[in-house]
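Notes follow once the structure below has been shown.
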Amino acid sequence: MKLLKSLLMATLIVMMVPLLSFGQEDDQVLKARSGKFALTNAKIYTVTNGIIENGTLLISNGIIEAVGANVNIPADAEVIDCKGKEIYPGMIDSGTRVGLAEIGSIAEANDFREHGTLTPQMQALSAVNPNSVVIPVTRVSGITTVWTMPQGGVLPGTAAAINLFGYTPDQMSAGSKGIVMNFPSSPTGWRARRMNEEQKKKALERAFKTVNDAWDKAELYAELEDLSSYPEIEALVPVVKGEMSLFIEVNAANDILSALDWVKERGYKKVILTGVSEGWRVAEEIAKSGLPVIAGPVQAIPTRASDRYDVAYANPGVLQKAGVKVAIRTMDAENSRNLPYHAGFAASYGMGREEALKAITINAAEILGVSDQIGSIEVGKKANVFVSTGDPFETASKITDLFIDGYKIPMTSRQIRLYDEFLNRTPGVDKTKPVIDIKKK
């Protein structure tokens, strides 16, 4: 017991070290600051209104006050010369565990999964850790907003859009939530190998019964009044009433077709398909349904050994060309920062750069229901923007300035601080001296 307590204490200390040291440089804590900022002489990618050459972006009171080639700069604005650089709206990762997962091997550091099959009332926003060391790592890569979501079970919980700056979950909230549902699918992997066809069929029937029973109750609950509290079912009512979106995780082609039929039969209005790794096989059917898709991860291997190596890379492009509105996700925590490279792969494998950029900005914002606030550079929207030395899809490009809710965010993270620390070590390493003296052995 004493050993267990010692291990837990050591674990907590290790987890707290980066939090205590984050954002410090020369013993000074670097904090985000608000104010009035004028970003001048930049190439501005508005996403929705074309590209502005040699433009100026004016940020005031947390919003975009002006953007264009001829913007009057107030005398009290802090001018940031962006000559030779590019400005983009903050990128949006439409599927992550950022804020919910920290260290995979430590259960106490993860809070994205609840016990039970039906837990839609569990709120991802309540579980977000604003002090997660993953957050600074993600945002310095130009990702300002993420859709953080629970996992596990049939109805694992309610996902939330969060901006990657704030001291409390409520401060981080981007104002959008949605119910997550894992669509019933045939058993796969080791489970499938231990089952015959009849057993697989019965397992699928049981899964559908669980799902349909829950939604039947939700539809009944929505019609009645003065009922005793039933949190699991009550959480589903906004979907039934068309007040909240339902995000259906589904991947195999046959399961996607079943999901389309299920949605049509149920008649729910606000539904988004997520994952959709085999969407390219049934792209036309998805397009006919009119449902938007959050695809990804893009940097993934094929679902079937017989498929081409690049089907995951090409999937978003095939869906987009079929007429589907597509957003892209990483479905990661530690490496949500790689979102621009997932989009870059999609761009290179058929989607094109312009559509890939939309997939992680305005398309994502529209699908998540926050396009009135973020997703493009427009007057009146929140100032979630970043400045880059070049194309953010290129690994050689560097993010030099970042704004979230109009706050200028320090360009630092635990990784950056460690890099800077070990790049110029004092005392340094004597390269002429071997680490191990072989002669003495």
Side-chain angles (χ1 to χ4, degrees), residues 32-40 42-53 55-74 77-80 82 85-94 138-148 160-166 170-178 245 292 294 325-328 339-340 343 354-388 392 399-409:
R33 53 191 177 86
S34 61
K36 188 173 289 187
F37 304 93
L39 283 57
T40 63
K43 186 175 184 179
I44 303 174
Y45 287 80
T46 67
V47 175
T48 51
N49 293 302
I51 301 170
I52 301 171
E53 299 285 351
T56 295
L57 176 65
L58 183 62
I59 298 171
S60 181
N61 297 319
I63 65 169
I64 298 171
E65 190 172 281
V67 58
N70 298 294
V71 173
N72 292 323
I73 301 175
E78 178 182 337
V79 177
I80 300 173
C82 300
K85 299 178 182 179
E86 301 172 352
I87 300 178
Y88 295 85
M91 290 181 277
I92 304 168
D93 190 339
S94 300
T138 303
R139 68 190 181 194
V140 296
S141 297
I143 297 140
T144 58
T145 307
V146 300
W147 181 251
T148 192
I162 59 171
N163 291 318
L164 298 185
F165 172 67
D170 286 341
Q171 287 179 349
M172 298 173 70
S173 174
S176 176
K177 294 181 180 181
S245 293
I294 297 174
K325 178 176 285 188
V326 180
I328 290 174
L339 176 66
E354 183 178 351
E355 291 300 326
L357 182 59
K358 288 181 179 179
I360 56 173
T361 54
I362 192 61
N363 282 7
E366 289 174 351
I367 290 172
L368 299 179
V370 291
S371 59
D372 60 325
Q373 303 177 58
I374 57 176
S376 61
I377 296 178
E378 298 180 59
V379 173
K381 286 193 174 184
K382 284 188 176 182
N384 282 17
V385 300
F386 68 89
V387 181
S388 175
I399 310 301
T400 61
D401 298 275
L402 176 71
F403 296 83
I404 300 178
D405 282 336
Y407 282 83
K408 193 174 190 306
I409 306 297

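Treat the numbers as computed from the prediction; the structure is a model and nothing was measured.
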Hey, are the side chains of [X] and [Y] touching, using non-hydrogen atoms and a 4.5 Å cut-off?
X: Ile328; Y: Leu339; result: yes
X: Lys36; Y: Leu58; result: yes
X: Ser376; Y: Thr46; result: no
X: Asn384; Y: Ile404; result: yes
X: Val146; Y: Ile162; result: yes
X: Leu368; Y: Ser245; result: no
X: Phe403; Y: Ile80; result: yes

How close do [X] and [Y] get, counting heavy atoms only, and between which atoms?
X: Tyr45; Y: Ile377; value: O-CD1, 3.6 Å
X: Thr144; Y: Gly90; value: OG1-CA, 3.3 Å
X: Ala66; Y: Val71; value: CB-CG1, 3.8 Å
X: Ala359; Y: Ala364; value: O-CB, 3.8 Å
X: Asn163; Y: Ser173; value: ND2-O, 4.5 Å
X: Asn363; Y: Val326; value: ND2-O, 3.1 Å

To the nearest 0.5 Å, what is the distance between [atom1] on [X] and [atom2] on [Y]?
X: Ile374; Y: Ser371; atom1: CD1; atom2: OG; result: 9.0 Å
X: Ile399; Y: Glu86; atom1: CD1; atom2: CD; result: 10.0 Å
X: Leu402; Y: Lys408; atom1: CG; atom2: NZ; result: 8.5 Å
X: Leu57; Y: Ile52; atom1: CG; atom2: CD1; result: 8.5 Å
X: Glu366; Y: Asp372; atom1: CD; atom2: CG; result: 10.5 Å

Neighbour count above 12 (heavy atom, 6.0 Å) for Phe165 CZ: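 Result for CZ/Phe165: enclosed.
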Worked verdict on Gln373 versus Lys381 for side-chain contact (heavy atoms from CB on, under 4.5 Å): CA-CA 5 Å; Gln373 303 177 58; Lys381 286 193 174 184; 6.0 Å; no
Polar side-chain atom of Asp405 near backbone of Gly62 as donor-acceptor pair, under 3.5 Å: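 No, because the side chain of Asp405 does not come within donor-acceptor range (under 3.5 Å) of the backbone of Gly62.
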Thr361 vs Tyr88, side-chain contact (heavy atoms from CB on, under 4.5 Å): CA-CA, chis, key distance, verdict: CA-CA 9 Å; Thr361 54; Tyr88 295 85; over 6 Å; no
Pair Lys358-Val47, side-chain contact (heavy atoms from CB on, under 4.5 Å): steps then yes or no: CA-CA 7 Å; Lys358 288 181 179 179; Val47 175; 4.0 Å; yes
Partners passing salt bridge (Lys or Arg N to Asp or Glu O under 4.0 Å) against Glu65 (at least two apart in sequence or in another chain):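 Glu65: no salt bridge (Lys or Arg N to Asp or Glu O under 4.0 Å) contacts found.
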Option passing side chain to side chain contact (heavy atoms under 4.5 Å, CB included) with Val67 (candidates Asn49, Ile44, Leu39, Ile87):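 The passing option is Ile44.
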side-chain contact (heavy atoms from CB on, under 4.5 Å) evaluation trace for Thr40 with Thr56: CA-CA 4 Å; Thr40 63; Thr56 295; 3.9 Å; yes
